[in-house]
Amino acid sequence: MTDVRVEQAELDRGVPMMYRDFGAYVRLAHDPQQIDEAAALALLCLRMPQLVGNLEVRRVP
């Protein structure tokens with residue numbers, strides 16, 4: 001199981017989400033003005049297919 005730490009951030013226009021893989025966890029930031037959390041997670045799974053069915057979401061303030 002991989003922890004995905006999700007946070008909201010104001011990102012540049014045209015950059016709806018960013019992520020970084022730290023091995024033991026993935027840090028995901030999404031801009032709620034451009035994309036919602038569910039869509040950001042779906043896009044992350046397209047970029048990192050090994051996460052499908054193997055992730056645990058943790059929201060970071």
Side-chain angles (χ1 to χ4, degrees):
M1 193 66 62
T2 303
D3 285 339
V4 177
R5 299 176 186 179
V6 178
E7 58 190 271
Q8 294 183 359
E10 186 176 329
L11 302 173
D12 291 339
R13 185 178 170 145
V15 181
M17 62 85 99
M18 297 178 68
Y19 71 94
R20 180 136 185 218
D21 182 2
F22 289 96
Y25 68 94
V26 176
R27 187 172 174 193
L28 170 68
H30 71 95
D31 186 340
Q33 297 289 336
Q34 300 184 61
I35 191 172
D36 65 18
E37 182 179 305
L41 286 166
L43 184 55
L44 178 66
C45 287
L46 286 174
R47 301 282 185 167
M48 299 181 68
Q50 68 272 22
L51 292 178
V52 176
N54 191 34
L55 63 89
E56 184 171 331
V57 175
R58 298 189 191 278
R59 287 169 187 82
V60 177

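One is the number of the first residue; the rest follow in order along the sequence.
Tyr25 and Leu41 end up in different hydrophobic clusters when Ile, Leu, Val, Met, Phe, Trp and Tyr side chains are linked at under 4.5 Å. No continuous path of ILVMFWY side-chain contacts below 4.5 Å connects Leu28 to Val52, so the two sit in separate hydrophobic clusters. In this structure, Leu46 is a member of the same hydrophobic cluster as Met48, with clusters built from ILVMFWY side-chain heavy atoms closer than 4.5 Å. In terms of hydrophobic clustering, with Ile, Leu, Val, Met, Phe, Trp and Tyr side chains grouped at heavy-atom distances under 4.5 Å, Val15 and Tyr19 are assigned to different clusters.
Between Leu55 and Cys45 the shortest heavy-atom distance is CD2-SG, 3.7 Å. Listed here is the closest heavy atom pair of Ala9 and Ala29: CB-CB, 4.2 Å. When all heavy atoms are compared, the tightest approach of Thr2 to Ala24 is CG2-O, 4.2 Å.
A donor-acceptor pair is defined here as one N or O able to donate and one able to accept, closer than 3.5 Å; no such pair exists between the side chain of Gln33 and the backbone of Arg13. Formation of a donor-acceptor pair under 3.5 Å by the Asp31 side chain with backbone atoms of Leu11 is found in this model. Remark: the backbone N or O of Met1 is paired with a side-chain donor or acceptor of Asn54 at under 3.5 angstrom.
The structure places CG of Leu51 at 7.5 Å from CG of Asp21, a figure rounded to the nearest 0.5 Å. Separation of atoms CG (Leu44) and CE (Met18) is listed at 13.0 Å; rounding is to 0.5 Å. Note that the CZ atom of Arg5 and the CZ atom of Arg58 stand 7.5 Å from one another [nearest 0.5 Å]. Put simply, CD on Gln34 and CD on Glu10 are 9.5 Å apart, with the number rounded to the nearest 0.5 Å.
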Open item on the list: Please determine whether side chain to side chain contact (heavy atoms under 4.5 Å, CB included) holds for the pair Gln8 and His30, giving the CA-CA distance in whole Å, both sets of side-chain angles, and the decisive distance to 0.1 Å.
Closed with: CA-CA 5 Å; Gln8 294 183 359; His30 71 95; 3.7 Å; yes

